[in-house]
Peer 1: 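Pasting a structure below so you can have a look.
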Number of protein chains: 2
Amino acid sequence: MTKHNTLLVGDCLIHLANIETGSVDLVYLDPPFFSQTVWRSKTRDNTQEYSFNDKWESLQEYKAFLAERVQECKRVLKNTGSIFLQCDRTASHHLRLMLDELFGSENFQSEIIWNYRRWSNSKSGLLNTHQTIYFYSKSAVYKFNRIFTDYSPTTNIDQILQERERNEYGKVVYKRDTTGEVVQGKEKKGVPLSDVWDIPYLNPKANERTGYPTQKPILLLERLITIASDEEDLILDPFCGSGTSLVAAQLLNRRWLGIDVSNDAINLAQSRLNIPKRTSSRLLELGEAAYLNQNDKTRSILNSLDAIIVERNAGIDGFLKTHYLETPVAIKIQRASESLEEAQKKLLRACATKGCILKILIRTNPRRDLTLFESEFEDNNLIVLDSYDLIVGEWLNNPRLKATPPSDIAN
Amino acid sequence: MTKHNTLLVGDCLIHLANIETGSVDLVYLDPPFFSQTVWRSKTRDNTQEYSFNDKWESLQEYKAFLAERVQECKRVLKNTGSIFLQCDRTASHHLRLMLDELFGSENFQSEIIWNYRRWSNSKSGLLNTHQTIYFYSKSAVYKFNRIFTDYSPTTNIDQILQERERNEYGKVVYKRDTTGEVVQGKEKKGVPLSDVWDIPYLNPKANERTGYPTQKPILLLERLITIASDEEDLILDPFCGSGTSLVAAQLLNRRWLGIDVSNDAINLAQSRLNIPKRTSSRLLELGEAAYLNQNDKTRSILNSLDAIIVERNAGIDGFLKTHYLETPVAIKIQRASESLEEAQKKLLRACATKGCILKILIRTNPRRDLTLFESEFEDNNLIVLDSYDLIVGEWLNNPRLKATPPSDIAN
DNA sequence: TCCAGAGATGAATCCACCC
DNA sequence: GGGGTGGATTCATCTCTGG
C-alpha cells in the first residue's frame with residue numbers, strides 16, 4: 001500500500017481504491033473545470049508540449065466523473081480532515097451541489113475566492129479574475145489553524161487598541177471606566193484571514209513557471225495547507241498536474257501523495273519535487289504598495305484630470321486619456337523636494353523617447369524658485385499650471401480681498 | 001398601470017403581475033438569503049426598529065418562492081435587459097441553478113464578487129467577507145457599458161504607449177517605422193472592470209446608514225446600474241428594502257420602481273428618495289478609484305486641496321483645513337448642470353449662515369457662461385479658479401503652442 | 001453556424017544599462 | 001560594481017475575420 005510521498009500515474013479512481021479509509025488529512029482537488037477545451041502549452045525552450053483534455057460529452061458525464069472520485073476522496077479522509085475543491089465559474093454551482101450531497105451542507109465551511117489581476121484584451125462584459133475553492137470538512141470537528149493578516153491601513157487606531165462593550169440599547173460603544181477614561185484592550189494579533197484571497201496570478205515571466213497549463217501559484221496552496229493541516233499530516237492531490245500542491249506540502253513539512261493521469265505531468269512533478277523551491281515574487285514580498293511612487297495629493301490631481309496614472313517612471317506621473325496631434329500628453333506633478341527646474345528637466349527627458357508633443361507640469365511649490373522663462377516653456381510645448389493649493393496658499397498669505405474679520409471674532 | 005418612480009407596498013409577485021411585459025431595462029434583486037433568522041436593527045436614535053423575516057419551512061419552499069418571482073421578473077424585462085441577483089454563500093448555488101433554468105446558462109454573463117472588509121470576532125474558520133451577484137441577460141444582445149479602471153502599478157509605460165506586431169519568427173515585438181522609430185499606439189482608456197469588486201461595507205457611522213438591516217452601499221448599486229443601463233432606463237427592485245438601488249437610480253438619472261412587503265421599509269425608502277445622500281469612502285478615493293463620474297471628480301479636486309469633504313450641503317462641497325481670519329474657508333466645485341452664476345449664488349447663500357469670509361469656487365465648465373465681473377468676486381471675497389481639466393481642455397482646443405505634428409503623421 | 005488562426009493586450013517578470 | 005531605472009519579454013486570454 002502506498003501512503004505518502006508518492007507519485008502515481010493513472011486514473012485517480014483506481015489508485016484511490018488502494019488507499020486506506022480514514023488515512024488522509026487534507027484533499028486538494030484541482031479537477032478539469034468543464035471548459036470544453038483541450039489545454040496545451042509548451043515549455044519556454046519548446047522542447048516539451050504539455051496538454052490535457054477538458055472536453056466532455058455532457059454536463060452529466062462530467063458530474064458523474066467527478067462525483068465518483070470525490071466520493072472516494074471522502075472515504076480516505078480522516079474524520080478531522082477537510083477537502084478543498086477548486087473550480088471556476090463554469091460549473092461551480094453544480095460542484096457545490098455535489099459537495100453538499102456527499103459531505104452534507106452542514107459541513108460546508110467556506111467559499112474561498114481566489115482573486116488575481118490578469119492580462120487580457122479588453123472585453124465587453126466584466127473581466128473574469130477569480131476562481132472559487134470550496135472548503136468542506138468531513139465532520140463537525142476538523143483541523144483549522146487560524147492565520148491573521150495585517151490591519152487595513154484605514155483602520156482607526158482606536159478600534160485596535162480600545163476595548164468595546166454594548167450600551168443599554170445594545171449598540172457597540174468604546175468601553176470607559178468609572179472616571180470616563182477609555183479602557184485599553186488586550187493585545188490583538190491582527191485581522192483573521194478572510195475568504196477572499198488576493199494572490200497574483202502566475203506571471204508568464206516567472207521562474208516558477210514550468211510550462212504546464214493552468215499551473216497554480218504556490219502561495220495559494222501554502223495557505224490552504226497551512227490553515228487545514230499540521231506538520232507530518234498527509235496531503236492528497238488526485239489531479240496533481242505539475243505538482244504545485246505537493247511542492248507546497250513538502251516545503252511545509254507535510255507528507256504528500258499525488259496522482260495524475262498524464263505521464264508527462266508526473267515526470268514534471270517529480271523533477272520539481274527533487275529540488276522543491278519556493279520562488280519568490282517581488283510583488284508578493286513587497287506588496288503593491290512598493291510600486292506606488294506617488295502620494296495621495298499627486299494621485300488626487302491626476303484623478304481630477306481623469307488621467308492614466310503611471311507609477312514606474314521618474315519623469316512622468318500620468319497621461320491624459322485624450323491625445324494631442326495623435327501623440328500622448330504627459331503630466332508631471334512637482335514634488336516637494338524638487339525645484340521647478342528639476343521637475344521640468346525630468347519631464348522633458350522622460351518625454352524625449354515617448355514622442356509626446358504636449359507636456360503638462362503642475363507646480364506645487366511656492367514661486368520663489370521660478371528661474372525659467374515663459375519662452376522656455378513655449379519652446380518645449382510645456383504647459384505649467386499652478387496647483388489649487390498653491391494658488392489658495394498665496395491668497396491666504398497675501399490677501400487681496402476686501403476682508404474684515406467679523407466683529408465677534410475680532411475683539 | 002404603474003411604470004416609473006413608484007414605490008409599492010406588498011408582495012412583489014402581485015405587483016409584478018400588473019407590470020407590462022418587456023418594459024423594464026434592469027432588475028436588481030436582493031431577496032432574503034435563506035439565513036433562517038429574523039433580522040432586526042434599530043435606527044441610531046432608537047426610535048424605530050426595522051425587521052424582516054428570513055425563516056423558511058424548507059429550502060424547497062424558499063426556492064419555489066423565489067423562482068415564481070424571478071420568472072415574473074424575466075417576463076417584465078426587455079429583450080436587451082439584464083437581471084442582477086445578489087445572494088450570500090448560503091444558497092448561492094441553488095439560486096444560480098434556478099437562474100440557469102429560467103434564463104438559460106448561455107445567458108449567464110458574470111459571477112460578480114462583492115468583497116468588503118468587515119469587523120468580526122474571529123470564530124474559527126475563515127472570515128466571510130464577500131457576497132455574490134449573478135448577472136444574467138435576457139438574450140444574447142444586451143446593454144453593457146464598459147467601465148475602465150487604472151492600470152496596475154507594476155505596468156510599465158511602454159506597454160501603454162507603444163504599438164506592437166509580430167516579427168518574422170512570430171514573436172511579439174514593439175513596432176517600429178521605416179526610420180527605426182517606435183510607433184505610438186492609440187488612445188487608451190484603462191483596464192476593463194473585473195468581476196471582483198472591492199467596495200467597503202457601509203461604514204456604520206456614515207450618514208447613508210438608515211438603520212435598515214442588510215443595507216447595501218450605494219457605490220455597489222451605482223456600478224451595477226452604470227454598466228447595464230442608460231439614462232432614462234427603468235430599474236426595478238422587487239425587494240427594495242430601504243431603497244438603496246432606487247436612490248442610486250435616481251442619482252444616475254434612471255427611472256425606478258421599488259416594491260417591498262414592509263410598510264416601514266417603503267416609508268424609509270420614500271424619505272431617502274426625497275433627499276438622496278451619498279457617502280464618499282476614503283478607502284475608495286485613495287485606493288483604486290474605479291471610475292470617474294461627476295462626484296468622483298469633485299472629490300478628487302477636494303482631495304488635492306486636502307479639504308474636509310462635506311456631503312450634505314447643496315452650496316458647499318468642502319472646507320479647507322486652514323482657517324482664514326479664524327473663519328472657515330468654504331469650497332464649491334461647479335457642477336456640469338450649473339452655470340457659474342448659479343454655483344456662485346448657491347455658495348454665497350450657504351456661506352451666509354456659516355460665517356465664512358473667504359470662499360473658493362472652482363469652475364469646471366467652459367467660459368461661455370462667464371457673466372460675472374471680477375469686482376463682484378472681490379466684493380464677495382470669492383476666489384474663482386479654473387479646474388485643471390478646464391484649462392487643459394482649452395489649450396487642446398485652441399493651441400498656443402509651437403507644436404508641429406511629427407512628419408509621418410502630418411502628410 | 002462554427003472553427004481556426006491572426007491580432008491585441010497588460011501583469012509582472014527578466015535584464016541591460018547608466019550613473 | 002551595485003542599486004535603481006527603464007525597456008523587453010512571455011503568454012493566456014478576448015476579439016475579429018475568413019473559410
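Computed over heavy atoms, backbone and side chain alike; hydrogens, waters and symmetry mates excluded. Chain letters run A, B, ... following the sequence lines, proteins first and then strands; every chain starts at 1.
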Peer 1: Taking the cut-offs as 6.0 angstrom to the six-membered ring centre and 45 degrees off its axis, would you call B:Lys138 and B:Phe103 a cation-pi pair?
Peer 2: no

Peer 1: Which part of the nucleic acid does B:Arg146 contact within heavy-atom distance under 4.0 Å: base, sugar-phosphate only, or nothing?
Peer 2: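 Here B:Arg146 touches no strand at all.
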
Peer 1: Rounded to the Å, how far apart are A:Glu208 CD and C:dC14 C1'?
Peer 2: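 So the two atoms are 15 Å apart, to the nearest Å.
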
Peer 1: Considering heavy-atom distances to DNA chain C, does B:Glu165 or A:Asn203 have its closest nucleotide positioned more toward the 5' end?
Peer 2: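 Comparing both residues, the 5'-ward one is B:Glu165.
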
Peer 1: Side-chain N or O of B:Arg166 versus OP1/OP2 of C:dG5: is the shortest distance under 4.0 Å?
Peer 2: no

Peer 1: Under a 3.5 Å limit for both distances, which nucleotide forms a Watson-Crick or G-U wobble pair with D:dG4, could you say?
Peer 2: C:dC17

Peer 1: Taking for each residue the nucleotide of DNA chain D with the nearest heavy atom, is it A:Arg118 or B:Asn156 whose nucleotide lies nearer the 5' end?
Peer 2: B:Asn156

Peer 1: Determine: side-chain N/O of A:Ser124 to OP1/OP2 of D:dC14, distance under 4.0 Å, yes or no.
Peer 2: no

Peer 1: Send over the distance from B:Gln159 CD to D:dG7 C1', rounded to a whole Å.
Peer 2: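 Taking CD of B:Gln159 and C1' of D:dG7, I get 10 Å after rounding.
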
Peer 1: Check the phosphate of C:dT13 against A:Tyr291, side-chain N and O only, distance under 4.0 Å to OP1 or OP2. Yes or no?
Peer 2: yes

Peer 1: Looking at the side chain of B:Lys171, which of D:dT10, D:dA8, C:dG10 is the nearest nucleotide?
Peer 2: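 Nearest to the side chain of B:Lys171 among the choices is D:dT10.
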
Peer 1: Taking only the side-chain heavy atoms of B:Val172 (C-beta and beyond), determine which of D:dA8, D:dA12, C:dT9 contains the nearest atom.
Peer 2: C:dT9

Peer 1: Do NZ/NE/NH1/NH2 and the carboxylate oxygens of A:Asp306 and B:Lys297 come within less than 4.0 Å?
Peer 2: no

Peer 1: Whole angstrom is fine here: how far is it from CZ in A:Arg282 over to P in C:dC15?
Peer 2: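 After rounding, the gap between these two atoms is 15 Å.
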
Peer 1: On DNA chain D, nearest-nucleotide positions of A:Tyr116 versus A:Lys205: which is more 5'?
Peer 2: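 Taking each residue's closest nucleotide, the earlier one in sequence belongs to A:Lys205.
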
Peer 1: Look at all strands and tell whether B:Arg164 reaches a base, only sugar-phosphate, or nothing, counting heavy atoms closer than 4.0 Å.
Peer 2: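 Base contact.
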
Peer 1: Would you kindly give the CG-to-P distance between A:Asn207 and C:dA12, to the nearest whole Å?
Peer 2: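 Going from A:Asn207 (CG) to C:dA12 (P), I get 16 Å.
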
Peer 1: Among A:Arg335, A:Lys359, A:Arg299, exactly one meets salt bridge (charged side-chain N to carboxylate O under 4.0 Å, His left out) together with A:Asp317. Which residue is that?
Peer 2: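 Among the candidates, only A:Arg335 passes.
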
Peer 1: Does A:Arg312 make a side-chain donor-acceptor contact with the base of C:dT13, cut-off 3.5 Å?
Peer 2: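 Result: at least one qualifying N/O pair found.
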
Peer 1: Tell me: NZ of A:Lys354 to P of D:dG6, nearest whole Å?
Peer 2: 8 Å

Peer 1: Looking for any heavy atom pair under 4.0 Å, which part of the strands does A:Pro200 touch: base, sugar-phosphate only, or nothing?
Peer 2: sugar-phosphate

Peer 1: Does B:Thr154 put a side-chain nitrogen or oxygen below 4.0 Å from OP1 or OP2 of C:dA12?
Peer 2: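 True: B:Thr154 side-chain N/O within range (under 4.0 Å) of C:dA12 OP1/OP2.
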
Peer 1: Give A:Lys346 one of three labels, base, sugar-phosphate or nothing, depending on what nucleic acid heavy atoms sit under 4.0 Å from its own.
Peer 2: nothing

Peer 1: Scan side-chain atoms only and decide if A:Arg89 and B:Tyr134 contain a donor-acceptor pair under the 3.5 Å cut-off.
Peer 2: no

Peer 1: Consider only side-chain N and O atoms of A:Asn303 and A:Ser300, and report whether a donor and an acceptor are under 3.5 Å apart.
Peer 2: no

Peer 1: Roughly, in whole Å, what's the span from CD in B:Glu106 to C1' in C:dT1?
Peer 2: 15 Å

Peer 1: Respond yes when some side-chain nitrogen or oxygen of A:Arg117 is under 4.0 Å from OP1 or OP2 of C:dT13, and no when none is.
Peer 2: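 No, outside the criterion.
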
Peer 1: Applying the side-chain hydrogen bond (donor to acceptor under 3.5 Å, both in side chains) criterion to B:Ser194, which one of A:Asn128, A:Thr129, A:Asn115 satisfies it?
Peer 2: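 Going through the options one by one, the only one that passes is A:Thr129.
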
Peer 1: Tell me the interatomic distance from A:Gln215, atom CD, to C:dA11, atom P, rounded to whole angstroms.
Peer 2: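 Answer to the nearest Å: 21 Å.
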
Peer 1: Within this structure, what is the CZ-to-C1' distance between A:Arg349 and C:dC18, rounded to whole angstrom?
Peer 2: 11 Å

Peer 1: Would you mind telling me which residue lines up with the more 5' stretch of DNA chain C, B:Lys186 or A:Leu283, judged by nearest nucleotide?
Peer 2: B:Lys186

